[in-house]
Amino acid sequence: MRFDALRRKVGQLEDVKDSQHNGNAKRADLKASAILMSNSIRTNTKKRTGHVPGVEIGDIFFFRMEMCLVGLHAQSMAGIDYLIVRGDREEEPLATSIVSSGYYDNAADDTDILIYSGHGEASDQKLVRGNLALERSLQKGNEVRVIRGLKDANSPTTKIYVYDGLYTIQESWVEKAKTGCNIFKYKIVRMSGQPGAFSVWKSVAQWKESVSSRVGLILHDLTLAAETIPVALVNDVDGERGPTCFTYLASVRYSKSFKLSHQTSFGCNCRNACQSGDENCACMTKNGGQTPYIGNGVLVCRKPLVYECGPTCPCTANCKNRVSQTGLKVHLEVFKTKDRGWGLRSWDPIRAGTFICIYAGEATNKAISGEVGDSGDYVFDTTRVYDSFRWNCEPGNEEYDMPYPLVISAKNVGNVARFMNHSCEPNTFWQPVVYENNSETYLNVAFFAMRHIPPMTELTYDYGTPRADVPGGSNGHGRMRCLCGSTRCKGYFV
DNA sequence: GGCTACTCATGCGG
DNA sequence: CCCGCATGAGTAGC
């Protein structure tokens, strides 16, 4: 419950941040947090040592302010956070959490040990504030949360913070820094029995360097270069050598009968990259005047339909409105799960709203005539996007004309999306996207991250409930016992 | 309660 | 791509 509340808040943060982005805002993160702070939309405001409810080991954050809002680390800039313990005679500080930005001593191979420097740079460090708190925590032996700050390999200017669980402080000493000043050093050691977080990142970095170091590797690239990024096939669970045979296809193959007669032509005439708010851009106008995407393929909010610029739109190739047509951007792997067949997960961290993949396969609209229902078909009920769930949805904007569901069969041909399993508490969702090519309108289903997804976390979506009035709406699978393990599990899925 | 110092943030421009 | 710079905001401590 509380976890969900946290997620809503982070979602709100993202939402506000995004709307700020659409304007002329710099530092949208700070504006978003200011809005949330002033409205008391935050959790765990009382400082505590040990875990923070709602935050799990491995959770990732893209801004320091995100960690302030959830109470993981209340300092907006400082690396050491602490609380004041009122003892019998005097008050003393006790460290609660530290952010290791990785500027110092990151060479250490052991991911369970952190050598941390005290704060203060210009002169000899003094044993006050955070430094004193670390010293007291060393004496008391209390648990200290550690957040690892890492460079994002895909975007060198941004930083990602990983909650690496609880550590205790083992030693402290004074050292001469390069500047000639004395600085405090602390040896901080990870408590045993915790699931991997930072160590997972280290492993992934190793696999990227040399894919053969990946244990259980079956195929380096199951797409056979159909995608621009290789997708590894991995099984470190049992002896199965791969999923049943299929042909990899990166895009949707439309059957001859498939026609979106209800969509009128809409392409733009822009000569540059399309701009949010440009009234002359037909694609933007269709999207309600604002770009549906910000940054690097990040969807601002879920909509009944997103109108992308298509291959025949004259705008430049770097137009930000072609997200779902540009292929995979995150480094994925297909892996054998313990009890749910093959699944999909990512080597890269995924920011909330990020485009992951489309659902490729053979598209028909034959559901109307009741001829589908084969195993491997997936019915995307594009007529009821909002019924399955909402994700930062824009209210209103119901101008939408899609009288039948989209049926895509990935039984014989398909892409990575065919491996995504169901969850009642999913971390991705699907979004209908259309674009135009030679005055023909094409409908796609694209998957986006619902929240920040740490590396090596299985990607899932909600398969939804069948429509009684749509033949084939049972998805051909019938009722399946759900193994998603969520506390909100509905027990079965279609 | 107000004020200020402190701080391993950020994004942007050069 | 790396650096410097302006701007920044929560918290502790007075």
TODO: Let me know the distance between CD1 of A:I84 and C1' of C:dG13, rounded to the nearest Å.
DONE: 9 Å

- [ ] Would you indicate which nucleotide in B:dC6, B:dG11, C:dG10 comes nearest to any side-chain atom of A:Q75?
- [x] C:dG10

TODO: Whole angstrom is fine here: how far is it from CG in A:N39 over to P in C:dG10?
DONE: 13 Å

TODO: For A:R48 and C:dT11, give me the distance from atom CZ to atom C1', rounded to whole Å.
DONE: 18 Å

Task: side-chain hydrogen bond (donor to acceptor under 3.5 Å, both in side chains) partner of A:Y293, the single match among A:K320, A:R322, A:E308 - done: A:E308

Task: Integer-rounded Å distance: B:dT10 P and A:I160 CD1 - done: 12 Å

Task: From C:dG8, B:dA9, C:dG10, nucleotide with atom closest to A:S76 side chain - done: C:dG10

TODO: Taking only the side-chain heavy atoms of A:Y82 (C-beta and beyond), determine which of C:dA12, C:dT11, B:dT10 contains the nearest atom.
DONE: C:dA12

TODO: Just compare B:dT7, C:dT11, B:dA9 and give me whichever is closest to any side-chain atom of A:R42.
DONE: C:dT11

- [ ] Write down the distance between CE (A:M77) and P (C:dA6), rounded to a whole number of angstrom.
- [x] 14 Å

Task: Selection from C:dG13, B:dT10, C:dG10 that lies nearest to any side-chain heavy atom of A:K159 - done: B:dT10

Task: A:D124 side-chain N/O to A:N182 backbone N/O, donor-acceptor pair under 3.5 Å - done: yes

Task: A:D29 side chain, from C-beta outward: closest of C:dT11, B:dT10, B:dC6 - done: B:dT10

Open item on the list: So A:M450 and A:E425, do their side chains get closer than 4.5 Å, heavy atoms only?
Closed with: no

Open item on the list: Between A:S101 and B:dA9, is there a contact of a side-chain N or O with OP1 or OP2 at under 4.0 Å?
Closed with: yes

TODO: Round to the nearest Å and state the distance from A:M67 atom CE to C:dA9 atom C1'.
DONE: 14 Å

- [ ] Would you please confirm or rule out a distance under 4.0 Å between OP1 or OP2 of B:dA9 and any side-chain N or O of A:R64?
- [x] yes

Task: For C:dC2, the Watson-Crick or wobble counterpart (both distances under 3.5 Å) - done: B:dG14

- [ ] Grab the NZ-C1' distance between A:K126 and C:dA12 for me, whole Å please.
- [x] 17 Å

TODO: Specify the residue among A:V99 and A:R129 whose closest nucleotide of DNA chain B lies further upstream toward the 5′ end.
DONE: A:R129

- [ ] Please determine if A:R345 forms a cation-pi arrangement with A:F335, meaning its NZ or CZ atom is less than 6.0 Å from the six-membered ring centre and no more than 45° off the ring axis.
- [x] yes

Open item on the list: Please classify the nucleic acid contact of A:G130 as base, sugar-phosphate, or nothing, using heavy-atom distances under 4.0 Å.
Closed with: nothing

Open item on the list: In whole Å, I'd like the distance from the NZ atom of A:K46 to the C1' atom of C:dT11.
Closed with: 16 Å

Task: Nearest-nucleotide 5' precedence on DNA chain B, A:T157 against A:A78 - done: A:A78

- [ ] May I ask you to say what A:I80 touches in the nucleic acid, namely base, sugar-phosphate or nothing, with a heavy-atom cut-off under 4.0 Å?
- [x] nothing

Open item on the list: Just by distance, no angles: are the side chains of A:E175 and A:W173 close enough, under 3.5 Å, to form a donor-acceptor pair?
Closed with: yes

- [ ] Give a yes/no on whether any side-chain N or O of A:K47 is located under 4.0 angstrom from OP1 or OP2 of C:dA12.
- [x] yes

Open item on the list: Let's see if you can work this out: which of B:dA9, C:dA12, C:dA9 has an atom nearest to the side-chain heavy atoms of A:L30?
Closed with: C:dA9

TODO: Might you confirm whether atom NZ of A:K126 has over 12 heavy atoms from other residues, nucleotides or ligands at distances under 6.0 Å?
DONE: no

